[in-house]
K.L.:
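Here it is: the structure, laid out below.
Just so we're clear, the structure is a prediction, and the values are computed from it rather than from any experiment. Just so it is clear, the values below take in all heavy atoms, side chains as well, and ignore hydrogens, waters and symmetry mates. Lettering of chains follows the sequences in order, A, B, ..., and the numbering in each one begins at 1.
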Amino acid sequence: MQNQAEINRLKDVVQQLLDEAKHQGASAAEAAFSVDNGLSVSARLGEVETVEYHCDQGIGVTVYFGQKKGSASTNDVSPDSLKETIKAACSIARYASEDEYAGLPDPERLATEFPDLDLNHPWNIDAEQGIALAIECENAGRAYDKAISNSEGASVNSHQGTRVFGNSLGFLQGYQSSRHSLSCSVLAGNGGGMHRDYWYSVARNAANMESAQLVGQKAAQRAVARLGARSLSTRQCPVLFAPEMASGLIGALLGAISGGSLYRKASFLLDALDTQIMPDFVRIHEQPLLKGALGSASYDAEGVATQARDIVNDGILRSYVLSTYSARKLGLQTTGNAGGVHNLTVETGENDFAAMLKQLGTGLLVTELMGQGINRVTGDYSRGASGFWVENGAIQYPVQEITIAGNLKTMLRNIVAIGNDVDLRGNIRVGSILLEQMAIAGE
Amino acid sequence: MPLLLDQVKQSILVANGLQPQEIDQVMDTLLSAPLDAADIYFQSSHFESWSLEGGIVKEGSHSIEHGAGVRVVSGDKTGFAYSDRIELPILLEAANNVKAIVRQGQQARHKIETPKSWTRLYQPFNPLKSLDDQEKIDLLKRVDAETRKLDSRIEEVMVSLVAAYDNVLVANQDGSLAADIRPLVRLNVSVIMVENGRREQGSMGGGARSDYSYFLENDRALEYGREAVRQAQVNLQAEDAPAGNMTVVLGPGWPGILLHEAIGHGLEGDFNRKGTSAFSGRIGERVASDLCTVVDDGTLPGRRGSLSIDDEGTPTENTVLIENGILRGYMQDKLNARLMGVKPTGNGRRESYAHLPMPRMTNTYMLPGISDPEEIIRSVKKGLYARNFGGGQVDITSGKFVFSTSEAYLIEDGKITRPVKGATLIGNGPDVLTKVSMVGNDMQLDSGVGTCGKDGQSVPVGVGQPTLKIDGLTVGGTNV
Ligand SMILES: [Zn+2]
């Protein structure tokens, strides 16, 4: 469902921006206008805590004077402000250096087909209903187990927005999309043995979210499971990344094969195209046109058509992740990834989570990672972790205050199995990942 | 002060067509409900960034944003709405929406405006205008050229320069108006060096609530370049880091993110009011060795984490968090202070008008001790000397925190020997400071690069500490 009148209203503004850029002397320009409205409510200990009404809008423009580039943005869409914004961008472009790679995409790369991706499902929920749902969610968490001792509350978010993008090559497109979520965070235990955990559900269509009951219960279940957590002694052992953590691992890979890291030579996967970077059973591909998915788009942030394509297959790196600029720097073609990937999907194996645990045998199941200890240049990896110690495929006890370390190059090659327990809440769709061995530091 | 107030009224209200007396109409609408507190936060921000890589200044951007946030508080309940249009009908509608949350509360009194006074900690200038655009470009190019000269192994230099000019006006339900003009600048240099196919990175930056001249004083900008190169040189020699629990010596300055993560977040008022922090209910208890005194000080002139007034109009303070090892206080905004029956400490901060304020840190640091830093190193038989860090994170409920080294060395027999690769350190907030056995006399604040994230809101902060010796922290290397 798309409100064409609203899209057209934004298109008019974007066209005005492009016209004004031309008027001020720019040889080329692109502009975006987005409007987002939303409601967030939270409840804690059975009562409403906050009600927030969101209403954001913003425009952004990039202008080119030949090979020189400048950008500007504002949240003031009055005619005077639009002119001033273009002026600011033009002023920057005049001072910027000539960059032979700068410029709009090649016209033949621009998207020409715009299928309805089923992204817009406004949710007619008012503050009262949102509060009731948040309370129901939190109650389910608090009632789940006697060990639940406190709560950070539950929240309901609903956002709906319109986005229009255009450039001076004649591209002018817009669409509406929605995003709704439900989350809960509760505490188990007391004093020094207190633990918190959370769960959330997110979807384009509120009807596809997990129920308030389930979200609350999962949050509670996760918090209770942490009770009695202890450290481990320093050792080497196999590590199973739960799906939510596995997506971070794939995200690190993605960072290393992104154009910006590659042309800056700030990647541990330089010159890795067409080489084996993972075991031969691994296939990673982009699915930009999935209906109703969180990462779907028919064109990227510069209007280039997105592509359903393999990034890794048979474990071999088949494609980088490029925008027009980074592609030109590398002497390649854009892959339609200005602004990121669209539903990056890691093909799963046969194993469900229980089978993955069994395959882990004796080792560490990681359910939370802390800190940013990833060096994209060298691939060195060291992060705080918590999770569970597993023996013979059965969870023994929760662990915390440990680190896991390795190097991403070897970690990616040492993937033993990928589960079919896929987490669909993000733009990276992957199940749990089992690694042969990592270094664990603890007490 | 009145001049500053008039200037801000002009730049935010009048420029958008709202007369200052119309604030009263919005406030009257809010106050028609029985509530405990209400405020309207007006903001106008200018921001710019310039970046250089591959020897050319290829990108620059500029942004202007303004808006107003309307908040009512009743008990522990908050209603909030904001708009990017600072116009009376829009603000009245926002006021009507948010007061629906109020079902009970004290009738807040609308007192007559009483001027508050506070010390101005930075000049109210617009840093974007402190150099003209050509001079900004020249500065970036000079840093690039001078940095490249330092080592033939340098493959890439990236330099970025950013500035923000933030005008804020807070109207409170007591009729008071508080205004602030906040400049903020930052410059960052990172380099990539290659030797025998090995590639390493180094980076250094700094900033202040000042203008661009800050980077020209004492050749600071060039100094960042030298420091980035030095770090990359060290990293080219680094061996695998050790894994396990060991004595760790933290260098002075930026390693103070230990304090920010390990105890700072856990001492924010909201978590403690709700009882969700590992430090909840522990005022008066020992949480550190008696060598440790830690403060959160928003009153340091010109510092990145400093504010003349917080985002609720409360003047910032120097708040003692831990005194000689004993937990003394929490950091508070107005809501949590009222509910806990204490005074606000000037820690009510928000990312922008579109976000709700909450208790946040300013500049968090440990006061100097008496030990000579070299004597601290000499006292360690085997351990890790961590000189520089990247970021960190904390789980305030379990107290577990991490921070990752970006420059570290082994200590063997009282001497700093070989550099080791970056590793994450993990510990437990409520007891890590009880293991502090030596505190150096070399207290340093960081160079002005910190950004703290909480509930999706980012705010600039500072940290600092003297050299510290911790008898046992888990080091997450690969060398098991
Ligand atoms: Zn923080």
Side-chain angles (χ1 to χ4, degrees), chain A residues 44 47-57 69-76 81 85 88-89 91-92 95-97 99 102 127 150 152 187 192 194-196 234-236 264-266 370-373 375 377-378 380 382-384 386 400-407 439-443, chain B residues 53 56-67 76-84 97-98 100-101 133-134 137 155-156 158 192 199-201 241 243-245 274-276 278 354 356 390-393 395 397-398 400 402-404 421-424 426 428 430 474-478 480:
Chain A
R44 179 171 177 264
E47 288 191 64
V48 57
E49 187 174 40
T50 58
V51 174
E52 296 182 50
Y53 298 91
H54 301 272
C55 162
D56 296 287
Q57 58 178 355
K69 174 185 174 185
S71 304
S73 66
T74 182
N75 66 354
D76 181 347
S81 164
T85 303
S91 162
I92 287 170
Y95 285 98
S97 312
D99 182 349
N150 199 344
E152 287 199 322
L187 278 67
M194 195 159 70
H195 293 274
R196 175 187 55 160
T234 300
R235 66 184 74 183
Q236 305 256 15
R264 294 183 180 99
K265 300 211 162 70
M370 291 176 79
Q372 303 89 38
N375 184 332
V377 179
T378 61
D380 290 327
S382 166
R383 301 184 73 188
S386 54
Q400 64 175 5
E401 210 175 335
I402 57 167
T403 60
I404 59 173
N407 183 283
I440 314 291
E443 58 186 11
Chain B
E53 66 177 35
I56 59 172
V57 179
K58 59 168 66 162
E59 262 181 301
S61 68
H62 182 271
S63 109
I64 298 182
E65 295 210 347
H66 52 64
D76 60 358
K77 300 172 177 40
T78 301
F80 179 60
Y82 60 87
S83 170
D84 43 37
N97 274 333
V98 300
I101 194 170
D133 288 351
Q134 189 58 50
I137 306 255
E155 190 175 59
E156 178 63 290
M158 286 158 275
I192 291 182
R199 196 172 295 276
E200 290 285 352
Q201 172 170 249
N245 199 280
K274 296 175 184 176
T276 59
L356 277 170
Q393 194 184 332
D395 175 333
T397 301
S398 70
K400 303 299 171 275
V402 295
F403 55 149
S404 302
K421 289 183 172 187
T424 288
I426 189 163
N428 183 38
T474 297
V475 177
T478 50
V480 174

K.L.:
Look up atom CG in A/D56 and atom CD in B/E65, then write down how far apart they are to the nearest 0.5 Å.
P.N.:
8.5 Å
K.L.:
Tell me, for B/A423 versus chain A, whether the close heavy atoms (under 4.5 Å) come from the side chain, the backbone, both or neither.
P.N.:
both
K.L.:
Can you name the closest pair of heavy atoms from A/N75 and B/D84 and give their distance?
P.N.:
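Shortest heavy-atom separation between A/N75 and B/D84 comes out as ND2-CB, 3.4 Å.
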K.L.:
Tell me, for B/E155 versus chain A, whether the close heavy atoms (under 4.5 Å) come from the side chain, the backbone, both or neither.
P.N.:
side chain
K.L.:
Is a donor on one side and an acceptor on the other found under 3.5 Å between the side chain of A/S97 and the backbone of B/V57?
P.N.:
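Looks like yes, one N/O pair under 3.5 Å.
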K.L.:
Where on A/A102 is there a heavy atom nearer than 4.5 Å to chain B: the side chain, the backbone, both, or neither?
P.N.:
neither
K.L.:
Using a cut-off of under 4.5 Å on heavy-atom pairs, state which of A/Q236, A/R264, A/R383 scores highest against chain B.
P.N.:
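If we count pairs closer than 4.5 Å to chain B, A/R264 comes out on top.
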K.L.:
If I take atom CG from residue B/D76 and atom OG1 from residue A/T50, how far apart are they, to the nearest 0.5 angstrom?
P.N.:
10.5 Å
K.L.:
Measure distances from A/R235 to the heavy atoms of chain B and classify the residue's part below 4.5 Å as side chain, backbone, both or neither.
P.N.:
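Looking at A/R235, just its backbone touches chain B.
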K.L.:
Does any part of the side chain of A/I92, heavy atoms only, come nearer than 4.5 Å to the side chain of B/H62, both counted from C-beta?
P.N.:
yes
K.L.:
Between B/E53 and chain A, which part of the residue has a heavy atom less than 4.5 Å away: side chain, backbone, both or neither?
P.N.:
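Interface part for B/E53: side chain.
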K.L.:
What distance separates B/K274 NZ from A/E152 CD, expressed to the nearest 0.5 Å?
P.N.:
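Answer for the NZ-CD pair, B/K274 versus A/E152, is 7.0 Å.
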K.L.:
Do you know the tightest heavy-atom contact between B/T474 and A/E443?
P.N.:
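Where B/T474 meets A/E443 most closely, the heavy atoms are OG1-N, 4.4 Å.
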K.L.:
Locate the shortest heavy-atom distance separating B/G476 from A/A441; write the atom from each residue and the value.
P.N.:
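B/G476 and A/A441 have their closest heavy atoms at CA-CB, 3.9 Å.
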K.L.:
Mind checking the NZ-NZ spacing from B/K58 to A/K69? Nearest 0.5 Å is all I need.
P.N.:
8.5 Å
K.L.:
Given heavy-atom pairs under 4.5 angstrom as the criterion, report whether the side chain, backbone, both or neither of A/E401 touches chain B.
P.N.:
both
K.L.:
Under a 3.5 Å distance rule, please check whether A/S382 uses its side chain to pair with a backbone N or O of B/T424 as donor and acceptor.
P.N.:
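Checking the backbone N and O of B/T424 against the side chain of A/S382, a donor-acceptor pair under 3.5 Å is found.
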K.L.:
What is the minimum heavy-atom distance between A/A439 and B/V480, and which atoms define it?
P.N.:
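Closest approach of A/A439 to B/V480, heavy atoms only: CB-CG2, 3.4 Å.
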K.L.:
For A/N375, is it the side chain, the backbone, both or neither that has a heavy atom under 4.5 Å from a heavy atom of chain B?
P.N.:
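For A/N375, the contact with chain B is made by the side chain alone.
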K.L.:
State the CG-CD distance between B/N428 and A/Q400, to the nearest 0.5 angstrom.
P.N.:
7.5 Å
K.L.:
Side chain, backbone, both or neither: which part of B/I64 has an atom under 4.5 Å from a heavy atom of chain A?
P.N.:
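B/I64 touches chain A through backbone and side-chain heavy atoms alike.
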K.L.:
Out of A/H54, A/Q372, A/E52, A/M370, which one racks up the most heavy-atom pairs below 4.5 Å with chain B?
P.N.:
A/M370
K.L.:
With chain A, which of B/I56, B/N245, B/I192, B/V475 has the greatest number of heavy-atom pairs at distances under 4.5 Å?
P.N.:
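Heavy-atom pair counts peak at B/I56.
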K.L.:
Which atoms form the tightest heavy-atom contact between B/A278 and A/M194, and what is the distance?
P.N.:
N-CE, 4.2 Å
K.L.:
If you count heavy-atom pairs under 4.5 Å between each of B/K421, B/E156, B/R199 and chain A, which one has the most?
P.N.:
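Between B/K421, B/E156, B/R199, the count favours B/R199.
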K.L.:
Which answer fits B/S404, side chain, backbone, both or neither, if we ask what part of it has an atom under 4.5 Å from a heavy atom of chain A?
P.N.:
side chain
K.L.:
What's the separation between atom CG in B/N97 and atom OH in A/Y53, rounded to the nearest 0.5 Å?
P.N.:
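Between B/N97 CG and A/Y53 OH, I get 5.0 Å after rounding to 0.5 Å.
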K.L.:
Side-chain contact test, heavy atoms from C-beta onward, threshold under 4.5 Å: evaluate it for B/K400 versus A/S386 and give yes or no.
P.N.:
no
